[in-house]
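See below for the structure under consideration.
To find a chain, count down the sequence lines: A is the first, B the second, and so on, and within it residues start at 1.
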Amino acid sequence: MTLETIHDVRDFLIRKVLLDPQRHKDPSLRKPLSYIAGERVYKPRIYVGMASCGRIAGAEKTHQAIKGYLNDNQTDADLVEGGCVGFCAAEPIVDVQLPGKARVSFGNVTADKVQLLLDEVLNGNLPEMPVIGQYKDPIFQEWEGVESINEHPFFASQQRILLDHCGILDPVSVAAYIAKGGYQAFVDTISRHTPEQVCNLVEQSQLAGRGGGGYSAGRKWATALQYGGEQKYLVCNAVESDPGSYMNRAIIESNPHRLIEAVLIASYAIGAGKAFIFIRKEFKLAIRRLNQAIEEAREYGIIGHHIFDSGVNIDVVVKEGARAFVCGEETALNNSIEGKRAMPASKPPYPAERGLWDKPTIVNNVETLFNVPLIIKNGPEWFLKLGTEKSKGTKLFTLSGNMKYYGTVEVPMGISFRDVINQVGGGLKNDKAFKAIVLGINSGSYIVEETLDTQIDFEALKNIGAALGSGAFVVLDEEVCMVDMAKFFTAFFKKESCGKCIPCREGTARMLEIMNQATRRPSEDQSFQTLERFKGVMQLKSLAGVIRDTSLCALGKSSPMAILNTLKFFKKEFDAHIFERKCPANHCTDLRIFVIDVEACTGCTACLKKCPVDAIIGSPRYPHFIVREKCIACGSCYDVCKFNAVLIK
Amino acid sequence: MYVLYFFPIFVEYCEIYINTKLMGVSLEKIFEKFPNRRREDMIPLLQAIQDNHGFLSEEIISAVGDYLRISVNKIYGVATFYDNFRFGPVGKFHIRLCHGTACHVAGGGSLLKELERILKISDGECDKQGLFSLEVVSCIGACGLAPLIEVNDMYYTNLDLQSLKELIESFREKENSAL
Amino acid sequence: MDFQIEVNNKHIKVKEGETLLTALRGHGIRIPTLCHMNRFSPTGACRLCVVEVEGKRDLITSCSFPVEDGMKVKTNSRRVIQARKALVELLLSNHPDDCLYCVRNGHCELQWLAESMNIKERKYFGNKNTHYPDYSSTSVARDPAKCILCSRCVRICEEVQLVTAIDFISRGNQTMVNSAFNKGLNVSSCIHCGQCIQVCPTAALTDISHQEKVLAALDKKDVRVMFMISPSVAASIADILGLKIKDNPLELICSALRRCGADKVFHLGAASDINIREEASNLVRSIQNAGNGMPLLSSCCPAWVRYVEEFRPEWITSLSKTKSPQQIMGALIKTNYANQNGIPVEQVYNVAVMPCVGKKYEASREENTHKGISETDAVLTVRELLQLLRSCGLDITNTEGELLDKPFDQSSGAAWKMGYSGGKAEAVAREAFLMMGGKPDAFKFNAPKNISGRKETKIQIGGKQVGFAWVSSISDAEEYLQQLSEDGREDIHYVEIMACLSGCAGGGGQPISRGFEQVIARKKLCMEMEKNCDVSDPKDNPALKAFFGDDQFLSEDDEVKNWLRTDFKERRVVK
Ligand SMILES: Cc1cc2nc3c(=O)[nH]c(=O)nc-3n(C[C@H](O)[C@H](O)[C@H](O)COP(=O)(O)O)c2cc1C
Ligand code: SF4
Ligand code: SF4
Ligand code: SF4
Ligand code: SF4
Ligand code: SF4
Ligand code: SF4
Ligand code: SF4
Ligand code: SF4
Ligand code: FES
Ligand code: FES
Ligand code: FES
């Protein structure tokens with residue numbers, strides 16, 4: 001069998017892999033497949049992690065440099081624009097695979113390091129620069145002195161089933177995806193299972209929605225299936241506008257074919273002929289890769305009319321959202337697809353009954369769907385073994401904030417928050433003390449020191465009054481002011497409220513005003529404002545309660561959570577702002593008053609030079625002064641003074 | 001030429017003449033990609049126009065309404081709902097500042113204040129010279145490098161007040177030397 | 001199927017498929033609402049209709065929630081009451097404290113809500129929105145600062161009138177109801193029907209007031225103010241003040257207006273008679289000249305006319321060229337009447353009193369203005385008339401009626417029919433029937449039972465089968481006329497079209513109605529007063545006979561054309 005042209009490869013993959021039920025029993029397939037998947041190579045292959053996060057960190061320049069290097073040196077090597085392994089802290093990441101040798105991964109390869117790296121590595125030597133690890137495999141020769149990447153602390157505690165291909169496989173090669181076993185689940189589904197069976201399988205696996213609600217995916221599908229009707233729709237919710245999460249984007253960029261496969265299976269399961277992937281317009285790369293992948297899948301006959309002669313027709317379309325946080329809410333999302341203002345509708349009727357253009361519609365999150373091909377392929381029993389009693393599978397997080405390692409991670413359900421921070425995240429940076437974890441803006445939940453040992457599990461979180469959210473995981477250290485955080489969240493909700501219902505539209509504005517009063521400069525306070533401040537604070541709780549109780553959609557319902565949780569966990573800090581007019585974390589600029597201690601000041605002029613608004617006066621070698629009226633309390637002088645002469649009052 | 005008269009207040013009605021060639025953008029070319037004239041084409045159509053033209057003017061919205069046979073007011077209502085759409089031109093340096101959770105914690109808020117102070121514009125505005133415009137977004141998706149801004153598709157990460165100021169200065173200089 | 005549900009510890013029977021709100025209201029349980037509109041799909045925007053349902057974690061909105069068998073509902077638990085109160089308080093926190101200076105003072109739903117929720121102190125202090133009022137339209141004034149974003153106007157304008165002159169703009173706390181590009185309503189596609197005013201719970205939408213203009217004219221020594229009262233105004237006044245028909249409300253209004261300084265008070269019904277006759281004779285002519293496709297479309301509703309001019313210019317040729325009664329009389333007074341009585345035309349000031357805000361716009365159309373002199377100078381709505389009476393301290397329930405002024409002092413019964421949907425079609429049909437030699441007793445018209453919706457009927461006129469139809473609201477009109485042309489029907493010859501739901505009885509200038517019952521009541525009153533008329537056919541109207549002699553006004557000379565006919569033209573607007 002020769003696989004010389006693209007067509008040969010395509011025919012081979014379709015005939016021998018996708019459509020052949022005996023494929024598992026044929027050992028002769030293994031070798032060609034591993035070449036197609038890029039596991040074995042004839043010539044050196046260089047992967048640059050070129051997902052968005054890598055690009056922001058400079059991967060494009062690195063890629064250019066490598067290209068230049070290969071040209072200049074007339075080196076024959078493949079250069080792949082790869083996906084990302086999720087290790088943002090080490091971006092740009094470059095992987096090198098030499099024929100017969102294990103793949104090895106280097107971190108923080110900025111353009112200037114390319115020369116050094118390639119000079120050595122292409123000759124089989126290790127350069128003197130940090131290595132993340134190597135992908136060990138018995139068929140390859142190992143690099144000496146390089147650890148397996150799985151032992152790297154960032155990866156060691158993860159359980160990467162959704163991320164298995166991410167950063168390793170060429171993201172836009174349908175051939176590579178099929179060679180790694182992709183689209184088999186879909187082909188098997190349409191040839192062997194009825195839609196009811198698919199819904200049942202997924203329900204048995206207890207897969208819960210990852211978009212925030214945690215509702216059983218299988219049950220939701222079954223509802224939509226039960227409504228007859230010619231036209232139904234599947235919508236993949238890839239809006240992901242929670243500030244502080246981008247794992248959906250990362251997995252789409254790194255493995256778009258799996259999402260497409262999942263979308264196809266789900267569409268088949270509910271009887272939908274058309275699927276939309278609704279994604280933010282800003283995710284340009286993800287959109288490009290998705291479209292490219294859809295095109296390729298179409299060429300293979302996986303998407304479209306009468307797929308593989310099964311009589312199944314499914315079309316997949318990418319829809320670009322025009323940016324509004326509330327678009328993530330499923331009814332708002334449907335409105336947005338229809339070309340309307342994205343205002344949520346009251347439920348019932350649920351979209352599963354009446355959604356897009358009043359037809360039954362299922363909205364699922366990217367991560368939820370990503371699980372589906374795996375469940376179909378490995379069976380629900382396999383999935384049930386992952387995770388805890390009530391919460392199955394794994395969870396993706398976007399780890400950020402003050403941690404040593406950060407990025408997109410996948411951990412098994414049931415791991416504790418402490419372990420995520422200390423093991424995956426490598427602990428807090430700069431020895432700062434831990435203060436809280438923010439779990440996504442929609443959940444509004446904080447995990448604090450006392451609850452840090454809680455398991456990541458829907459039940460366990462509910463018990464402590466928190467919710468898992470969509471997957472943002474921002475670690476805050478002691479220097480963060482929680483009142484300021486609450487203010488930030490409230491401002492976010494005020495801005496993103498769609499304006500349809502009274503409690504959310506007016507309530508968020510009022511809450512924000514109350515919060516602003518709490519952190520306003522004391523010197524500007526008039527007596528009636530003091531009164532208002534106290535009154536406002538007294539009403540804050542009941543106001544928050546009403547907003548929670550009466551808002552139409554989950555956006556409004558979660559808008560007061562940050563404030564309620566601040567009052568619950570950080571009451572002292574809150575009170576300090578209100579009553580003592582002090583910010584214990586020294587963050588709220590308006591509550592800080594900077595003065596220079598004339599005794600301690602040496603007149604070194606460092607602060608004077610640094611002050612952005614020229615609020616400091618003084619001559620060299622004489623004590624300096626801060627003009628209170630001019631000072632914007634930025635804190636630069638405090639940071640710069642070597643003699644501890646600047647004090648915060 | 002495309003003329004659209006908006007009479008001042010107290011005039012009973014106004015007349016519009018619609019022609020679809022506009023400031024170098026041929027709307028017809030873009031319209032061709034949406035032959036079905038459906039309601040759901042509205043947002044993609046507006047996006048496509050904005051990608052070409054930079055922003056949505058009243059003329060454009062009227063033309064889109066005429067093409068899709070949807071009330072202009074409806075289109076305006078939809079366009080003003082979404083943050084993507086702009087109704088005025090962007091500056092030479094279009095600054096997108098991330099104000100997501102991670103960036104806020106890392107000081108994105110003070111960057112925003114500082115930008116507002118030195119550029120004298122706020123979110124969604126463009127300065128008088130047409131040099132800088134500012135857009136606040138939530139999470140650009142590189143929280144590890146927070147706080148960061150994006151200027152004309154280039155990212156500037158791990159900023160603080162000082163480096164931000166220097167960055168803006170460098171843009172100013174670039175502009176001046178180009179003159 | 002019937003369901004049993006428990007409400008406030010009491011069992012009630014409800015029907016499957018209805019919403020909780022309808023079910024509860026059907027049992028006399030009061031639930032406050034703001035965004036709910038009968039016969040519209042629920043939006044769930046205002047949240048005021050929340051109730052507590054056992055087993056549900058959140059409060060649910062009764063307007064959008066279908067009843068479930070055996071559900072246990074609490075409509076007045078403390079949690080519910082407090083939530084509703086807080087919602088109103090939140091609305092007030094962003095509302096101008098303007099009640100004392102507000103047109104809707106005393107008729108405002110927000111005010112009632114605040115009162116009924118026992119709100120006695122300001123709870124939330126905050127920044128209020130800074131929207132500016134818009135007085136640019138000739139008919140509808142907007143004050144977005146008072147808007148509570150219930151979306152009722154947006155929905156009626158879009159779904160019922162197909163105009164979408166106003167819509168939500170912007171998002172979140174900044175949201176406002178506005179016309180395109182935040183320009184004034186004058187440059188929008190608004191057709192001046194005023195239906196948005198009728199549904200608005202607050203003073204965010206009101207009419208452009210002509211009261212001051214009228215009062216100023218009344219004050220001027222050398223100006224002679226002529227009032228023209230539409231018959232349907234009398235019905236509305238009778239309904240709202242509880243007047244008896246036998247007291248003849250029109251005469252009571254007449255006497256009150258004279259106390260205010262009116263020079264003459266005329267019966268606009270006389271002009272309606274002219275309008276009906278003219279239209280009927282046009283119809284007869286067009287039937288005789290055989291069908292030419294599109295039927296004759298009535299044009300006495302200015303909002304409908306404006307709609308055609310903006311959105312359906314291809315129908316302009318089908319519009320009846322006869323002026324509306326208001327313009328006929330306005331023109332007659334300033335021409336024939338002024339001439340006959342030797343009054344310089346500059347000194348005449350015509351004030352129409354109408355159930356309609358669109359008439360304000362109609363009066364300002366350039367077609368109705370000649371050399372700077374408008375046929376009608378001011379139009380008062382029923383609401384303004386009531387206000388005028390109140391501010392002048394006139395209690396018409398306690399006065400003696402006075403006869404109206406000659407020459408236009410009475411109308412036929414037919415004129416009263418103009419007050420509701422279907423009435424004009426009937427009047428025109430009857431007139432055409434009589435013109436072609438039909439006997440009055442032989443005339444049978446299947447009068448509409450239900451006053452809204454599309455209706456058709458056929459009668460024999462001069463040996464020909466002639467089809468009449470009537471629709472109210474633009475959406476119905478559009479649908480009906482499109483259907484007509486799609487089906488290629490030629491059996492309908494005359495269509496009466498009224499922009500307001502159920503015609504002028506539901507007009508934009510009527511007192512803010514608290515429900516459909518009020519519209520029906522107005523229609524009934526019109527019908528009763530019709531019966532009270534001495535003559536039933538326009539041609540027998542003694543006032544007209546006295547003024548014109550027999551049938552003079554049906555002639556074709558230029559002078560008549562001036563006051564009897566008008567023209568229409570396409571208008572391209574931002575739509
Ligand atoms: C304000 C708001 C924003 C949301 N944003 C998202 C989002 O960005 N992505 C997402 O998948 N779900 C989001 N959701 C949840 C969706 O409404 C919906 O529950 C979810 O897509 C269902 O998918 P699942 O069952 O797979 O979780 C959001 C919900 C709300 C109320
Ligand atoms: S809760 Fe907020 S976002 Fe949701 S419908 Fe109400 S106003 Fe809109
Ligand atoms: S805090 Fe900032 S503004 Fe104030 S004096 Fe110091 S450097 Fe200047
Ligand atoms: S940096 Fe410190 S020591 Fe130096 S002038 Fe400023 S306050 Fe004085
Ligand atoms: S609209 Fe109602 S509540 Fe508002 S000022 Fe007028 S009367 Fe008062
Ligand atoms: S209602 Fe009260 S506040 Fe208003 S005028 Fe009367 S006494 Fe004054
Ligand atoms: S008057 Fe009629 S057309 Fe004009 S805005 Fe109101 S409802 Fe719409
Ligand atoms: S203008 Fe009136 S009817 Fe329209 S949304 Fe505002 S309050 Fe409601
Ligand atoms: S139906 Fe009557 S009240 Fe309504 S706009 Fe037409 S004429 Fe005026
Ligand atoms: S490395 Fe890919 S998301 Fe950061
Ligand atoms: S919060 Fe700024 S990049 Fe994520
Ligand atoms: S009436 Fe039910 S939400 Fe407004």
Side-chain angles (χ1 to χ4, degrees), chain B residues 1-20 37 39 42-43 46 49-50 55-88 99 122-125 135-138, chain C residues 132-139 141-142 151 153-154 157-159 161-172 174-192 208 302 306 309-311 360-369 569-575:
Chain B
M1 192 50 212
Y2 188 110
V3 205
L4 179 118
Y5 295 114
F6 281 112
F7 282 99
I9 219 156
F10 298 128
V11 170
E12 189 217 306
Y13 67 93
C14 78
E15 303 235 339
I16 53 172
Y17 303 94
I18 289 181
N19 179 327
T20 43
R37 305 187 182 209
R39 172 87 191 246
M42 184 205 302
I43 294 174
L46 291 175
I49 294 174
Q50 177 159 309
F55 67 99
L56 303 176
S57 63
E58 293 175 359
E59 291 91 334
I60 287 175
I61 294 179
S62 304
V64 171
D66 211 53
Y67 178 73
L68 293 179
R69 302 187 200 99
I70 297 175
S71 153
V72 172
N73 199 14
K74 198 103 252 152
I75 298 176
Y76 187 65
V78 169
T80 51
F81 186 89
Y82 296 100
D83 291 337
N84 263 169
F85 296 116
R86 306 179 55 90
F87 305 94
H99 201 194
S122 49
D123 184 13
E125 290 176 4
E135 182 184 352
V136 180
V137 298
S138 48
Chain C
Y132 297 109
D134 166 17
Y135 300 118
S136 64
S137 164
T138 45
S139 56
R142 302 183 323 109
S151 90
C153 57
V154 173
C157 191
E158 178 180 354
E159 294 172 33
Q161 304 301 50
L162 309 180
V163 173
T164 321
I166 43 178
D167 200 348
F168 286 125
I169 307 292
S170 197
R171 186 181 74 205
Q174 308 294 317
T175 313
M176 68 191 292
V177 169
N178 211 336
S179 44
F181 313 125
N182 301 331
K183 304 253 155 130
L185 206 55
N186 58 333
V187 296
S188 77
S189 55
C190 172
I191 60 168
H192 310 275
I208 291 286
R306 174 82 190 202
E309 288 179 329
E310 282 179 11
F311 293 87
K360 290 177 191 271
Y361 151 72
E362 190 182 60
S364 76
R365 279 171 66 102
E366 69 255 34
E367 288 83 356
N368 297 333
T369 304
K569 65 165 193 224
E570 178 176 358
R571 288 166 208 259
R572 302 198 63 185
V573 297
V574 182
K575 66 183 179 218

Open item on the list: Given heavy-atom pairs under 4.5 angstrom as the criterion, report whether the side chain, backbone, both or neither of B/Ile70 touches chain C.
Closed with: backbone
TODO: Find the one option among B/Ser71, B/Gly77, B/Ala79 whose heavy-atom pairs under 4.5 Å with chain C are most numerous.
DONE: B/Ser71
Task: Contact winner vs chain B - C/Ala165, C/Ser189, C/Cys190, heavy-atom pairs under 4.5 Å - done: C/Ala165
TODO: Kindly give the heavy-atom pair with the smallest separation between B/Asn73 and C/Ser179, and that separation in Å.
DONE: OD1-C, 3.5 Å
TODO: Please identify each residue that fulfils salt bridge (Lys or Arg N to Asp or Glu O under 4.0 Å) with C/Glu158, with sequence neighbours left out.
DONE: B/Lys74
Open item on the list: Working to the nearest 0.5 angstrom, can you tell me the gap between B/Asp66 CG and C/Arg572 CZ?
Closed with: 6.0 Å
Open item on the list: I'd like to check the side chain to side chain donor-acceptor pair (under 3.5 Å) partners of C/Ser137; sequence neighbours left out, ordered by chain and number.
Closed with: C/Ser139
Task: Worked verdict on B/Tyr76 versus C/Asn178 for side-chain contact (heavy atoms from CB on, under 4.5 Å) - done: CA-CA 10 Å; B/Tyr76 187 65; C/Asn178 211 336; over 6 Å; no
Open item on the list: Which atoms of C/Asn182 are under 4.5 Å from chain B, going by heavy atoms: the side chain, the backbone, both sets, or neither?
Closed with: both
Task: Minimum heavy-atom distance C/Arg171-B/Phe81, with the two atoms named - done: NH1-O, 3.1 Å
Open item on the list: For the CZ atom of C/Phe311 and the CZ atom of B/Arg69, what is their distance to the nearest 0.5 Å?
Closed with: 14.0 Å
